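One structure is given here, and the rest of the page talks about it.
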Amino acid sequence: MNIMRHSTTAMVALLIATTATAQKTPAYLDPSADIETRVEDALKRMTTEEKVRIIHAQSKFSSAGVPRLGIPDFWTDDGPHGVRPDVLWDEWEQAGQTNDSCVAFPALSCLAATYNVELAHLYGVSLAEEALYRGKDMILGPGVNICRTPLGGRNFEYMGEDPWLTSRMAVEYIKGLQSKGVSACVKHFCLNNDEENRFTVNVKVSDRALREIYLPAFEAAVKEGGAWGIMGAYNLYQDQHLCHNKRTLMDILKGEWGFDGVVVSDWGGTHSTDEAVKNGLDMEFGSWTNGLTHGASNAYDNYYLANPYLAGLRKGRYSTAELDDKARRVLRLFFRTSMRTDRGHGSMCSEAHYAAARQIAAEGIVLLQNKRNALPIDPRMTGKVLVVGENAIKMMTVGGGSSSLKVQHEISPLDGMIAALGREKVDFARGYVGDTTGNYNGVTTGQDLSDRRSPAELIAEAVSKAEDADAVVIFGGLNKSDYQDCEGHDRQTYSLPYGQDELVSALAKAHKRVIFVCISGNPVAMPWANDVEAIVEGWYLGSETGNALADVLTGAVNPSGKLPFTWPVKLEDVGAHALGTYPGTRREGSDIVDEEYEDGIYVGYRWADKHGIKPLFAFGHGLSYTTFKLSGARRTDDGAGGKATFSVTVTNTGKTEGAEVVKLFIRKADDGMDHPLRELKDFKKVRLAPGESKTVELSYEGGVSAWSIE
């Protein structure tokens, strides 16, 4: 694919040069002209058929260009964590290429846990370079939906429960990605907060909750990140599908926010030509006739924005105003991406990209609990470490839905521990058997994880081996199988799967130094939390998983990750479950499921604070191998101009270099409305040597009735 794209770019450059020698270069082919001039020049040269041609898919992941004008086809690809392998033109199966492996970067839940906007920018740049090499013009991400329930199947693809944290990380990701001429496509706009009934759920939410919780990250992506693409969600809002929703797309996105990019449908998210034409959809993608599951093959001309739209235009059902607006937006996208001659060819699977993946992964790992300094494990130890658990050996880059990848390599946690400690110091016990399959859309892990031993036999082996170990490290948690951390469905229970609770409890009774590493994109129930010494949230870390985990577990990297969501003790501690409104109620005689967001603005820590609920681990929680002290917190502004500024001194009081995240929480000024007790409104990450102090400044635009720095 990269060869085809590179030759296409060369073709455009040659066309410009050839045209220039014969006559004056058309404005749309002049890279020195401003984009709006180029758009208008190209638009007036296009026929109605050509305008319709560029606003819908021609294959699984591409839309057509305008060959007559030298405008190449446009190529999109999943996903937010790495460039998805190429599939056949009209099938989801693999194209059989050998140059479409990639670096898998950590899932966005891990990126959010870094609380480091510079790493978000690096993430975007690195991903864009891989996309360019593969000939991709748009990456379908980042995902910025809010985690409303810990059962959410796609929470691992998102950035937590807080709109401010999500906004800050998303803006830099987008800036990094688009700095290389690759478009972001921010998803899923909007209210895609759980996966059950995702095609038919109609979200009912107050306008205040919509504005304060569910839209801020999208607004920041548009206004601050300058996103060139937005993907509509599958679900409904106000009884209208979100891929052609008048309120969200026309009134808010394009009206209030002035979005000048393209609205892309999720694959098969379009349901009506009339609504798609009038309500803001610009590019329709999907598969099969209905865009989703069935119908004729190579049916792209049958899409709602294809022949049906063209027929309506010819009959006078639709004016050309909407078509020209859509075509302008798509042309603008072309000139920002595929028609640029200065964006280079990128690079793939480079040392720099692996280094970036490893750094992001290590900085996002969260040390949740560390009794009696059970961690770090000293690499100079003379004894052995027992590694336990299927997640110590199972590849996690394959599966999970559209973010599934084909990687050049993936370092397992077991191999990472062996590399860090030496083979002679590491033993392994399976501990439990989960999902032993390993394939998605024709990409296979090549692993044979089958094991016929009973759960009792597996636990007995682990307990027996633990007797000779100095420490026991269990790699458990979830995986990317259906009904776990996976697109299409939510989790069915808050408990750990595959009998892991019994395994952890047995090992905690048998050994005094048990460390549990949770591989997941979601919180899980931990009824045994007080029985183990250390708990680590290890996320889905991509290609460098094992190396990054070993870096933190052995102290080569001092952990500095913080939770981007609240970790509840039980589901009933979460508003959506306490109120019984998740996953909604099916209408009588209809496929529509109404889901009331009765928790309103009280999502995550806002709900816990309001109801005095103590979580297992709080939003923003994360320990270090050193200690920090905050002192001298004060408000430094005079209150003028509506901007409140604050400062605090941070001191590393321990013996190890480390990084701390300083977080500003605000309670808004009393305006007669109910407000959360605290809301995150600024944060900064600061790295300090032992004994070093730095003053950190934070700010907030708006009235303040109370504040705290944590």
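Computed from a predicted structure; not experimentally measured. Residues: numbered from 1 along the sequence shown. Only this structure's heavy atoms are used, side chains among them; waters, hydrogens and symmetry mates stay out.
Residues S402 and R154 share a closest heavy-atom pair of OG-NH2, 3.1 Å. Residues E363 and N116 approach most closely at OE2-ND2, 2.7 Å, considering heavy atoms. Between L249 and C243 the shortest heavy-atom distance is CD1-O, 3.5 Å. Here the shortest heavy-atom pairing between L333 and T337 reads O-OG1, 2.7 Å. Shortest non-hydrogen contact noted between V407 and M395 is CG2-CE, 4.0 Å. The shortest heavy-atom contact between N145 and F218 is ND2-CZ, 3.9 Å.
Not one N or O on the side chain of S347 forms a donor-acceptor pair closer than 3.5 Å with the backbone of S350. Side-chain atoms of N439 do not come within 3.5 Å of backbone N or O of G442 as any donor-acceptor pair. A donor-acceptor pair under 3.5 Å is absent between the side-chain atoms of D266 and the main chain of A233, judged by distance alone. Using a distance-only test at 3.5 Å, with no hydrogens or angles considered, no donor-acceptor pair links the side chain of Y303 to the main chain of T270. Using modelled atom types, no side-chain atom of K175 and backbone atom of G225 make a donor-acceptor pair closer than 3.5 Å. Side-chain atoms of S404 never come within 3.5 Å of backbone atoms of G400 as a donor-acceptor pair (strictly under, hydrogens ignored). In this structure, N558 contributes its side chain and E657 its backbone to a donor-acceptor pair below 3.5 Å. In this structure a side-chain-to-backbone donor-acceptor pair under 3.5 Å is missing from R328 to E40. The backbone N or O of V262 lies less than 3.5 Å from no partner atom in the side chain of D282, so there is not a single donor-acceptor pair. Remark: side-chain polar atoms of E284 are paired, donor with acceptor, to backbone N or O of L305 under 3.5 angstrom.
Between F259 and W228, the distance from one ring center to the other does not fall under 6.0 angstrom. When ring centroids are compared, H409 and Y354 come within the 6.0 Å threshold.
With a 4.5 Å cut-off on side-chain heavy atoms, V536 and L553 count as touching. Residues I174 and P142 have side chains in contact (heavy-atom distance under 4.5 Å, counting atoms from C-beta outward). Contact of the F619 side chain with the D162 side chain is registered, since non-hydrogen atoms from C-beta on lie closer than 4.5 Å. A 4.5 Å side-chain heavy-atom check between V264 and M138 finds at least one atom pair inside the cut-off. Contact check for Y123 versus L177: no side-chain heavy atoms found under the 4.5 Å cut-off. Put simply, the side chain of N479 does not reach to within 4.5 Å of the side chain of I519, judged on heavy atoms. With contacts defined as side-chain heavy-atom distances shorter than 4.5 Å, the pair C110/Y540 does not qualify. When side chains are defined from C-beta on, M283 does not count as touching T76, because their heavy atoms never get closer than 4.5 Å.
Residues S520 and N522 have side chains that never bring a donor and an acceptor to within less than 3.5 angstrom of each other. With hydrogens and angles left out, the side-chain atoms of K685 and S560 include a donor and acceptor closer than 3.5 Å. When only modelled atom types and interatomic distance are considered, E410 and S543 share no side-chain donor-acceptor pair under 3.5 Å. In this model, no donor atom of one side chain and acceptor atom of the other lie less than 3.5 Å apart for N193 and Y214.
A distance of 8.0 Å separates CG in L29 from CG in L69, rounded to the nearest 0.5 Å. Separating the CG atom in N441 from the CG atom in L88 is a distance of 10.5 Å, to the nearest 0.5 Å. One distance of note links OG of S62 with CG of D73; it measures 5.5 Å at 0.5 Å rounding. Here CZ of R340 is found 11.0 Å from OG of S338. Values are rounded to the nearest 0.5 Å.
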Task: side chain to side chain contact (heavy atoms under 4.5 Å, CB included) evaluation trace for N192 with E195 - done: CA-CA 7 Å; N192 178 204; E195 285 294 283; 3.4 Å; yes
Open item on the list: With side chain to side chain contact (heavy atoms under 4.5 Å, CB included) as the criterion, how do L331 and I71 come out once you've worked through the C-alpha distance, each side chain's angles and the decisive distance to 0.1 Å?
Closed with: CA-CA 9 Å; L331 286 169; I71 298 176; 4.1 Å; yes
TODO: Applying salt bridge (Lys or Arg N to Asp or Glu O under 4.0 Å), run through D485 and K480 and close with a yes or a no.
DONE: CA-CA 5 Å; D485 282 329; K480 290 185 178 179; over 6 Å; no
- [ ] Using the side chain to side chain contact (heavy atoms under 4.5 Å, CB included) rule, take V186 and M231 through it: C-alpha gap first, then chi angles, then the decisive distance, then the call.
- [x] CA-CA 6 Å; V186 186; M231 181 185 289; over 6 Å; no
Open item on the list: For a side chain to side chain contact (heavy atoms under 4.5 Å, CB included) check, start with the C-alpha distance between D137 and R343, then their side-chain angles and the critical distance, and finish with the verdict.
Closed with: CA-CA 11 Å; D137 304 306; R343 60 179 185 166; 2.5 Å; yes
- [ ] Dump the intermediate steps for salt bridge (Lys or Arg N to Asp or Glu O under 4.0 Å) on R168 and E224, then the final yes or no.
- [x] CA-CA 9 Å; R168 296 308 95 206; E224 298 177 58; 2.8 Å; yes
Open item on the list: Before you tell me yes or no, could you show the steps for D260 and R329 under salt bridge (Lys or Arg N to Asp or Glu O under 4.0 Å), namely the whole-Å CA-CA distance, both residues' side-chain angles and the distance that decides it to 0.1 Å?
Closed with: CA-CA 7 Å; D260 70 353; R329 291 173 180 274; over 6 Å; no
Open item on the list: Quick one, H121 with E172, criterion side-chain hydrogen bond (donor to acceptor under 3.5 Å, both in side chains). Give me CA distance, side-chain angles, the key distance, then yes/no.
Closed with: CA-CA 5 Å; H121 191 91; E172 290 305 317; 3.3 Å; yes
TODO: Evaluate salt bridge (Lys or Arg N to Asp or Glu O under 4.0 Å) for R53 paired with E50, printing each intermediate quantity in order.
DONE: CA-CA 5 Å; R53 172 186 170 89; E50 286 170 336; over 6 Å; no
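For the side-chain hydrogen bond (donor to acceptor under 3.5 Å, both in side chains) with D100, the qualifying choice from K406, R134, Q94 is K406, the only one to do so. No option in E487, E157, R84 other than E157 meets the side-chain contact (heavy atoms from CB on, under 4.5 Å) test with S403. For the pairing with W539, the ring-ring contact (aromatic ring centres under 6.0 Å, His included) check across F105, F565, F156 returns one residue only, F565. Test F74, Y300, W92 against F61 for ring-ring contact (aromatic ring centres under 6.0 Å, His included) and you get one pass: W92.
The side chain to side chain donor-acceptor pair (under 3.5 Å) check on K684 picks up nothing, with sequence neighbours excluded.
Other residues, nucleotides and ligands place more than 12 heavy atoms under 6.0 Å from the CD atom of E93. Taking a 6.0 Å sphere around CD of E118, one finds it holds 12 or fewer heavy atoms contributed by other residues, nucleotides or ligands.
Under the 30°/60° scheme for interplanar angles, the aromatic rings of W75 and W89 are found to stand perpendicular.
Salt bridge annotation for D86-K136: present, with a cationic side-chain nitrogen under 4.0 angstrom from a carboxylate oxygen. Using a cut-off of 4.0 Å between Lys/Arg side-chain N and Asp/Glu carboxylate O, D30 and R38 are scored as not salt-bridged.
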